[in-house]
Number of protein chains: 2
Amino acid sequence: MLSKSGKYAIRAVLYISNHSNKNNKIGSKEIANKLHIPAPFLAKILQELTKKEIISSVKGPHGGFYLSQKNNNKTLFDIIDCIDGIQKFENCFLGQEECNENKPCVIHHLYVPFKNKLLSKLKTKTIVEMAIEYSKNNNFFDFVKLNE
Amino acid sequence: MLSKSGKYAIRAVLYISNHSNKNNKIGSKEIANKLHIPAPFLAKILQELTKKEIISSVKGPHGGFYLSQKNNNKTLFDIIDCIDGIQKFENCFLGQEECNENKPCVIHHLYVPFKNKLLSKLKTKTIVEMAIEYSKNNNFFDFVKLNE
DNA sequence: CAAATAAAAGATAAAAAAGTCTTTTTATAT
DNA sequence: ATATAAAAAGACTTTTTTATCTTTTATTTG
């Protein structure tokens with residue numbers, strides 16, 4: 001469903017949210033190491049996210065990535081749209097050229113409700129909310145949340 | 001979610017079910033033309049499906065593809081597993097390394113119920129059933145259903 | 001200001017997926 | 001039997017995705 005790039009992006013943004021802040025930025029290499037993502041590949045992805053202002057970055061010594069307050073209110077949807085494009089969810093699951101209420105494919109009535117719930121979740125779930133939820137579920141003992 | 005190959009496979013099998021039978025086989029080129037699929041690429045896919053006995057074929061003049069009674073009782077799941085492999089549905093939707101009831105990703109509780117319903121549908125939906133359903137929904141005026 | 005550091009940019013490479021072409025095999029009809 | 005038609009097999013090409021490497025630019029700190 002999502003590409004590797006898209007999945008890497010989500011995990012990286014989560015990591016940034018939970019492990020850095022404006023006064024304590026984190027480098028792409030460190031994120032890549034911790035998340036087992038090829039470092040130069042992740043760097044490219046973070047570049048894209050920065051360009052679309054979903055995350056923030058600063059060059060030079062003690063530079064790195066962090067999330068501004070504005071970034072924190074971006075949604076999962078924004079990340080996915082930036083890296084994968086959101087169009088992919090609109091195509092028929094089974095690849096039929098026409099697929100709608102009148103001419104539904106065999107799993108149309110399963111897929112569409114899921115897709116709608118999914119999209120509405122992606123659009124409302126902000127990065128902070130997601131990061132908090134994630135850190136709870138994953139018992140980050142090293143959890144730091146000091147953005148701005 | 002599904003690859004192009006997987007989607008082509010499903011559409012082609014449907015087409016075979018609705019447009020051929022043991023005494024009236026259909027060629028890969030004709031299927032490709034009707035479904036707007038690159039012909040040699042589809043030929044490869046049909047070859048795979050034949051090898052795994054999901055569809056049947058006969059070489060030579062008036063040869064082509066058709067579905068035996070046994071083929072007709074294969075499921076959507078069989079087609080997808082043959083071409084795409086079914087493992088892909090088991091991975092976390094957001095790509096988190098660990099994702100389960102104890103450590104769910106943000107959309108785990110949306111995705112898992114969908115996945116379960118999907119897999120059970122794919123496993124129970126036979127090719128004939130699907131073909132009949134499809135031909136109803138799509139008002140095939142040229143619908144012929146004479147298998148065996 | 002100079003040195004160091006880290007992201008940005010861009011060029012290149014490898015792998016996978018999608019698509020094409022050619023030759024071989026086999027069943028059928030004449 | 002032979003010619004023919006169609007799938008099977010396999011080699012090859014293109015495109016997309018994933019991954020790597022090098023150079024440039026910006027920022028911070030001494």
Below 30° counts as parallel, above 60° as perpendicular, anything between as tilted: where do the rings of A/F114 and A/Y111 land? tilted
Starting at atom [atom1] of [X], determine the distance to atom [atom2] of [N], rounded to an integer number of angstrom.
X     : N      : atom1 : atom2 : answer
A/L42 : D/dC21 : CG    : P     : 16 Å
A/L49 : C/dA7  : CG    : C1'   : 14 Å
B/H36 : C/dG19 : NE2   : C1'   : 17 Å
B/K44 : C/dT20 : NZ    : P     : 13 Å
A/K25 : C/dA7  : NZ    : C1'   : 12 Å
A/I26 : C/dT5  : CD1   : P     : 18 Å
A/F65 : D/dT27 : CZ    : C1'   : 14 Å
A/I45 : C/dA9  : CD1   : C1'   : 16 Å

Sorted by position of nearest nucleotide on DNA chain D, 5' first, the leading residue of A/P40 and A/H62 is A/P40
Which nucleotide, [options], lies nearest any side-chain atom of [X]?
X     : options               : result
B/K51 : D/dA9, D/dT27, C/dA29 : D/dA9
A/S5  : D/dA7, D/dT18, C/dG19 : D/dT18
B/P61 : C/dA8, C/dT28, D/dT20 : C/dT28
A/Q47 : C/dA9, D/dA19, D/dC21 : C/dA9
A/K59 : C/dA8, C/dT20, C/dT26 : C/dA8
B/V58 : D/dA7, C/dA18, C/dT28 : C/dT28

So, is [X] near the phosphate of [N], with a side-chain N or O under 4.0 Å from OP1 or OP2?
X     : N      : value
A/S57 : C/dA8  : yes
B/Y8  : C/dA18 : no
B/S28 : D/dA7  : yes

Audit row: A/H108, A/Q96, side-chain contact (heavy atoms from CB on, under 4.5 Å) steps and yes/no: CA-CA 10 Å; A/H108 184 83; A/Q96 265 155 42; over 6 Å; no
Specify the closest pair of heavy atoms between B/T50 and B/L46, including all atoms of both residues, with the distance to one decimal. OG1-O, 2.7 Å
Atom of B/A12, atom of B/L42 and distance for their closest heavy-atom approach: CB-CD1, 3.8 Å
Is B/G60 touching bases, backbone alone, or none of the nucleic acid, heavy atoms closer than 4.0 Å? base
Under a 4.5 Å cut-off applied to non-hydrogen side-chain atoms, are A/I80 and A/M1 in contact?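 When only atoms from C-beta onward are counted, A/M1 and A/I80 do not touch, as no gap falls below 4.5 Å.
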